[in-house]
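In what follows, chains carry the letters A, B, and so on, assigned in the order in which the sequence lines appear, proteins first and then strands, with residues in each chain numbered from 1.
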Amino acid sequence: MLDRKFIIQNADLVRDNCVRRGTACDIDRIIELDAERLTKLQLAEDLNRQANETSQQIPKSKDDDARKALIDKGRDLRHQKEASQNSHDELEAEIGDLISAIPNLTHPDVPTGGEDDAVEISFGKTAKPTFDFNPLNHVELGEQHDLFDFEAGARVSGAGFYYLKNAAVRLDLALQQFAISFLAGHGFTPISTPDLALTPILKGIGFTPRGPETQIYSVENTDLNLVGTAEITLGGMLAGQTITDAELPMRLCGLSHCFRTEAGAAGRATKGLYRVHQFTKVEMFAFTKPDQSDAEHIRMRDLECEIFDALEVPYRVIDTATGDLGGPAYRKFDLEAWMPGRGDDGQWGEVTSTSNCTDYQARRLNVRFKTTGKKGTQFAHTLNGTAVATGRAMIAILENHQQADGRIAVPKVLQPWVGCDMIG
RNA sequence: GGAUGGGUGGCAGAGUGGUCGAAUGCACCAGUCUUGAAAACUGGCGUACGUUUGCGCGUACCGUGGGUUCGAAUCCCACCCCAUCCGCCA
């Protein structure tokens with residue numbers, strides 16, 4: 001969320017930003033409620049001060065009557081304070097709800113518009129493949145090599161679940177191994193994270209569990225939810241903590257399962273691994289100082305490029321437009337891999353996404369840092385980026401690397417873990 | 001899951017109803033002394049919100065949430081977490 005004072009002092013800026021991002025907001029209502037809230041707060045504090053003063057006089061007063069009068073006065077003041085405090089708390093909750101709905105500010109370079117207005121920034125080193133045969137999609141390739149079992153997945157867990165088999169398992173693990181090793185070599189601390197997290201943590205990161213449109217599976221009779229991404233648990237690691245500036249930037253890479261209901265994606269359901277309820281992902285996450293986050297964001301994007309160059313997958317990088325940014329994101333880059341089996345003649349399909357959330361998540365999660373020699377604390381900036389989501393990466397690898405004889409070439413960097421250079 | 005003991009400022013640790021935002025020690029910062037350092041001594045040293053041009057002042061915060069009271073770190077209730085032991089278990 002944004003800072004309350006900032007919103008009030010920069011009402012026009014925030015309003016324009018909401019319009020650009022296609023989010024409804026009522027800044028005037030916030031300003032109005034906050035003025036009222038402040039009045040109640042000041043009244044409550046003043047009444048409390050009077051009550052404290054009264055309480056302090058009681059032990060000093062020797063006369064029983066005077067004492068009793070003071071006790072009555074104190075009681076009365078506390079009651080008045082209570083009433084004012086309650087009004088304040090209700091207003092604050094209402095303001096909080098309104099503020100939560102306001103998206104982050106937007107990086108000046110972000111293009112305005114929707115999904116089709118993203119700007120193509122660059123392309124990967126690997127060229128789109130040209131086939132002198134009719135290329136198969138990953139589902140067909142999987143059937144040929146006995147890599148997946150979608151029927152059993154549906155039987156056991158429902159549509160959108162699947163089993164990986166044989167070389168797909170090796171490939172899945174190889175992608176995890178490669179990503180973790182690569183990132184560990186670039187200063188990221190490998191972390192294997194919980195797959196469930198408490199509701200306040202999800203909310204802090206910007207997810208809304210238990211709503212009608214929620215993407216999140218929740219566990220009945222608990223405050224736990226299956227995580228949609230390790231971003232939740234990595235960001236949550238420092239919730240409520242104050243660290244020192246010397247610890248920043250703090251770079252983590254998390255390995256977790258990801259669970260998504262894909263509610264609202266009906267009709268966009270696709271065969272195969274592309275849109276599923278569970279997958280495995282290696283996720284980058286960074287806490288930085290405010291002046292470091294832009295550079296860190298570019299760095300994350302470039303690491304994603306290095307990973308997909310190493311996987312020998314053709315891709316493009318896009319700078320996502322305003323309407324397509326999630327609430328917490330200040331700027332977002334996606335890598336879209338070329339997937340020859342998607343659509344009629346192949347399509348770009350999102351394989352990674354990296355967002356700079358500036359202090360939006362940190363403010364909700366209360367992640368702060370202290371600068372040595374300076375008074376007070378500041379909110380950290382948070383960034384996240386996909387290193388490898390194994391399902392989608394596998395689609396890109398299988399479909400791009402298929403050979404005329406039906407076999408599939410394993411990218412060099414994965415061969416040590418897959419244990420062969422060719423599937424089939 | 002059962003039993004017991006705990007959760008207080010960066011750390012250690014005192015504090016069982018008012019004079020407690022909280023002793024003391026360590027750490028840290030500044031200064032005195034010193035060629036320099038150490039030691040010693042002196043002073044400072046939490047966070048958030050509100051208020052003020054500023055010095056400052058006010059309010060809240062002793063695991064979390066409720067309750068009792070004019071007044072709670074202190075009493076009561078619930079929950080969470082930690083330690084140790086027992087049980088169970090990959």
Colleague: Could you list the protein-to-nucleotides 88-90 of chain B atom pairs, N/O on both sides, closer than 3.5 Å?
Modeller:
none

Colleague: Give a yes or no answer on whether the side chain of A:D334 reaches the backbone of A:E336 with a donor-acceptor pair at less than 3.5 Å.
Modeller: no
Colleague: Mark yes or no for whether A:Q57, through its side chain, and A:T54, through its backbone, hold a donor-acceptor pair below 3.5 Å.
Modeller: no
Colleague: Could you check which nucleotide pairs with B:rG36 in any of the strands shown, counting Watson-Crick or G-U wobble with both distances under 3.5 Å?
Modeller: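 Pair assignment: B:rG36 / none.
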Colleague: Taking the six-membered ring of A:Y274 (Phe, Tyr or Trp), confirm whether the NZ or CZ of A:R342 is under 6.0 Å from its centre and within 45° of its axis.
Modeller: yes
Colleague: Please give the distance between the C1' atoms of B:rU19 and B:rG71 as a whole number of Å.
Modeller: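 Straight-line distance between the two C1' atoms is 13 Å.
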Colleague: Closest to the A:I71 side chain: B:rU59, B:rC70, B:rU51?
Modeller: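 Closest nucleotide among those given: B:rC70.
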Colleague: Rounded to the Å, how far apart are A:N48 CG and B:rU59 C1'?
Modeller: 7 Å
Colleague: According to ring-ring contact (aromatic ring centres under 6.0 Å, His included), who are the partners of A:F333, at least two apart in sequence or on a separate chain?
Modeller: A:H297
Colleague: Examine distances only and state if a side-chain atom of A:R364 and a backbone atom of A:K203 form a donor-acceptor pair shorter than 3.5 Å.
Modeller: yes
Colleague: Provide the closest heavy-atom pair for A:E399 versus A:G341 in the form atom of the first, atom of the second, distance.
Modeller: OE1-N, 2.7 Å
Colleague: Measuring only the P atom in each nucleotide, how far is B:rC76 from B:rC89? A whole number of Å is fine.
Modeller: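 These two P atoms come out 38 Å apart once rounded.
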Colleague: Is there a Watson-Crick or G-U wobble partner for B:rC70 with both distances under 3.5 Å, and if so, which one is it?
Modeller: B:rG18
Colleague: Rounded to whole angstrom, note down the C1' distance from B:rG15 over to B:rC75.
Modeller: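 Nearest-Å result for B:rG15 against B:rC75 at atom C1': 15 Å.
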Colleague: Whole Å only: how far is the CG atom of A:D89 from the C1' atom of B:rG66?
Modeller: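 In whole Å, B:rG66 C1' lies 14 Å from A:D89 CG.
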Colleague: Closer than 4.0 Å, any side-chain N/O of A:N52 to the OP1 or OP2 of B:rG71?
Modeller: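 No.
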Colleague: I want to confirm an ordering. Mapping A:D72 and A:D3 to their closest nucleotides on RNA chain B, which one lands closer to the 5' end?
Modeller: A:D3
Colleague: Write down the partner of B:rU24 under the Watson-Crick or G-U wobble criteria, each distance required to be under 3.5 Å.
Modeller: B:rA12
Colleague: How close or far is atom C1' of B:rC57 from atom CD of A:Q42, stated in whole angstroms?
Modeller: 14 Å
Colleague: B:rG13 and B:rG87: how far apart are their C1' atoms, nearest whole angstrom?
Modeller: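 35 Å, rounded to whole Å.
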Colleague: May I ask you to decide if the ring planes of A:H277 and A:F161 are parallel, tilted or perpendicular, using 30° and 60° as cut-offs?
Modeller: tilted
Colleague: What is the distance, rounded to the nearest whole Å, between atom CG of A:D63 and atom P of B:rC70?
Modeller: 18 Å
Colleague: Are any side-chain N or O atoms of A:N400 and backbone N or O atoms of A:A396, one a donor and one an acceptor, separated by less than 3.5 Å?
Modeller: yes
Colleague: Whom does B:rA3 pair with, Watson-Crick or G-U wobble, provided both distances fall under 3.5 Å?
Modeller: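 WC or wobble partner is B:rU84.
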Colleague: Considering residues at least two apart in sequence or located in another chain, which fulfil the ring-ring contact (aromatic ring centres under 6.0 Å, His included) criterion with A:H186?
Modeller: A:F182
Colleague: Return the residues of residues 75-84 of chain A meeting this criterion: a heavy atom under 4.0 Å from some atom of RNA chain B. Order them by number, or give none.
Modeller: A:R75, A:R78
Colleague: Nearest-Å distance, CD (A:E53) to C1' (B:rU59)?
Modeller: 12 Å
Colleague: Looking at A:D12 and A:R15, is there a salt bridge between them, counting it only when a charged N and a carboxylate O are closer than 4.0 Å?
Modeller: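 Judged by the 4.0 Å cut-off on N to carboxylate O distance, A:R15 and A:D12 do form a salt bridge.
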Colleague: Determine the interatomic distance between P on B:rU59 and the same-named atom on B:rC20; round to the nearest Å.
Modeller: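 These two P atoms come out 15 Å apart once rounded.
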Colleague: Give a yes or no answer on whether the side chain of A:T233 reaches the backbone of A:A230 with a donor-acceptor pair at less than 3.5 Å.
Modeller: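 It does hold such a pair.
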Colleague: Quick one: do A:R301 and A:E304 make a salt bridge, cutoff under 4.0 Å?
Modeller: no
Colleague: Rounding to the closest angstrom, what is the interatomic distance between B:rG18 and B:rC81 at atom P?
Modeller: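 The same atom, P, in both gives a distance of 33 Å.
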Colleague: Measure from NZ or CZ of A:R251 to the centre of the six-membered ring of A:F285, then state whether that distance is under 6.0 Å and the direction lies within 45° of the axis.
Modeller: no
Colleague: Measure CG/A:N366 against P/B:rC49 and give the value in whole Å, please.
Modeller: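 In whole Å, B:rC49 P and A:N366 CG are 10 Å from each other.
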Colleague: Angle class for the A:Y162/A:F150 ring planes (parallel below 30°, perpendicular above 60°, tilted otherwise)?
Modeller: tilted
Colleague: Which nucleotide, in any strand shown, forms a Watson-Crick or G-U wobble pair with B:rC41, with both distances under 3.5 Å?
Modeller: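 Partner of B:rC41: B:rG31.
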Colleague: Kindly say if A:K5 contacts the phosphate of B:rG50, meaning a side-chain N or O under 4.0 Å from OP1 or OP2.
Modeller: yes
Colleague: Take atom CD of A:Q50 and atom C1' of B:rG71, then tell me their distance rounded to the nearest Å.
Modeller: 16 Å
Colleague: If you round to the nearest 0.5 Å, how far is CE of A:M394 from CG of A:L414?
Modeller: 10.5 Å
Colleague: Mind calculating the distance between CZ (A:R49) and C1' (B:rC57) to the nearest angstrom?
Modeller: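 Result: 10 Å.
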Colleague: Does any nucleotide pair with B:rU47 by Watson-Crick or G-U wobble geometry, both distances under 3.5 Å, and what is it?
Modeller: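 Answer to the pairing question: B:rA60, which forms a Watson-Crick or G-U pair with B:rU47.
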Colleague: Judged by atom type as modelled, is there a donor-acceptor pair below 3.5 Å linking the side chain of A:Q56 to the main-chain atoms of A:E53?
Modeller: no
Colleague: Could you list all N or O pairs between the protein and nucleotides 45-48 of chain B that sit under 3.5 Å apart?
Modeller:
{"residue": "B:rU47", "atom": "OP1", "partner": "A:G376", "partner atom": "N", "Å": "3.3"}
{"residue": "B:rU47", "atom": "O3'", "partner": "A:R368", "partner atom": "NH1", "Å": "3.4"}
{"residue": "B:rU47", "atom": "O2'", "partner": "A:R368", "partner atom": "NH1", "Å": "3.4"}
{"residue": "B:rA48", "atom": "OP1", "partner": "A:T377", "partner atom": "OG1", "Å": "2.8"}

Colleague: How far, in whole Å, is B:rG9 from B:rG5 if one measures between their C1' atoms?
Modeller: 23 Å
Colleague: If I pick the C1' atom on B:rA23 and the same atom on B:rA37, what distance separates them, to the nearest angstrom?
Modeller: 32 Å
Colleague: Would you list the protein and nucleotides 18-23 of chain B atom pairs, both N or O, that sit under 3.5 Å from each other?
Modeller:
{"residue": "B:rG18", "atom": "N2", "partner": "A:S55", "partner atom": "O", "Å": "2.8"}

